[in-house]
S.K.: 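Below are the structure tokens for one structure; questions will follow.
Just so it is clear, the values below take in all heavy atoms, side chains as well, and ignore hydrogens, waters and symmetry mates. Just so you know, these numbers come straight off a predicted model, no measurement behind them.
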Amino acid sequence: MYKLIGADGKQYLSEEPGTLGGHRGQKLYGRLDCPSALRAIARPTGATYIKNRVFFKDEQTALAAGYRPCAVCMREHYNLWKEGKLEEALK
């Protein structure tokens with residue numbers, strides 16, 4: 001079972017893994033292969049980052065839970081989010 005974050009921000013168990021990873025403290029989400037997240041995990045303090053790691057089924061769920069796109073791995077979506085146009089673009 002996988003632990004995912006739902007649109008209500010609460011954790012739930014899923015038989016399918018999440019498609020996006022995020023950070024609880026920074027309230028952001030991105031691709032599972034995000035270079036920024038992988039660097040944070042590789043640091044000597046990476047355990048702290050991992051402890052705050054969360055996963056989402058999809059982008060709509062991450063947004064509904066109050067997270068924003070990563071400016072590194074999801075630059076286009078981040079720019080749309082800053083302009084307040086991301087949710088409309090995802091419809």
S.K.: Quick check for you: to the nearest 0.5 Å, what is the distance between S36 atom OG and L28 atom CG?
M.R.: 8.0 Å

S.K.: Not counting sequence neighbours, which residues clear ring pair (Phe, Tyr, Trp, His ring centres under 6.0 Å) with Y78? List them please.
M.R.: W81

S.K.: Measure across T61 and A7 and return the closest heavy-atom pair with its distance rounded to 0.1 Å.
M.R.: CG2-N, 3.5 Å

S.K.: Would you say that R68 contacts L86 through its side chain, given a criterion of any heavy-atom pair below 4.5 Å between the two side chains?
M.R.: no

S.K.: For residues L80 and A89, report the shortest heavy-atom separation together with the two atoms involved.
M.R.: CD1-CB, 3.9 Å

S.K.: Give me each pair satisfying salt bridge (charged side-chain N to carboxylate O under 4.0 Å, His left out) with a member in residues 32-51, each pair once, sequence neighbours excluded.
M.R.: R31-D33

S.K.: Of all the heavy-atom pairs spanning L38 and L32, show the shortest one and how long it is.
M.R.: CD2-O, 4.3 Å

S.K.: I need the minimum non-hydrogen distance between L4 and P17, along with the two atoms involved.
M.R.: CD2-C, 4.3 Å

S.K.: Taking salt bridge (charged side-chain N to carboxylate O under 4.0 Å, His left out) as the cut-off, I'd like each qualifying pair that reaches into residues 74-87, sequence neighbours left out, listed once.
M.R.: E83-K85

S.K.: Drop me the distance from T48's OG1 to I41's CD1, to the nearest 0.5 angstrom.
M.R.: 12.0 Å

S.K.: Is there any salt bridge (charged side-chain N to carboxylate O under 4.0 Å, His left out) pair reaching into residues 7-29, and which pairs are they, with sequence neighbours excluded?
M.R.: none

S.K.: Are any non-hydrogen side-chain atoms of L13 and K3 less than 4.5 angstrom apart?
M.R.: yes

S.K.: Decide yes or no for V54 and Y67: does some side-chain heavy atom of the first lie under 4.5 Å from some side-chain heavy atom of the second?
M.R.: yes

S.K.: In this structure, would I5 and L90 fall into the same cluster of hydrophobic residues linked by side-chain contacts under 4.5 Å?
M.R.: yes

S.K.: Got a sec, which pairs hit ring pair (Phe, Tyr, Trp, His ring centres under 6.0 Å) with one end in residues 10-33, sequence neighbours left out?
M.R.: H23-Y49

S.K.: For P35 and C73, which heavy atoms make the closest approach, and how far apart are they?
M.R.: CD-CB, 4.2 Å

S.K.: Nearest 0.5 Å please: distance from the CG atom of L20 over to the CE atom of M74.
M.R.: 5.5 Å

S.K.: Please report the closest heavy-atom contact between A65 and F56, naming both atoms and the distance.
M.R.: CB-CE2, 4.1 Å

S.K.: With sequence neighbours excluded, what pairs up with E88 under the salt bridge (Lys or Arg N to Asp or Glu O under 4.0 Å) test?
M.R.: K91

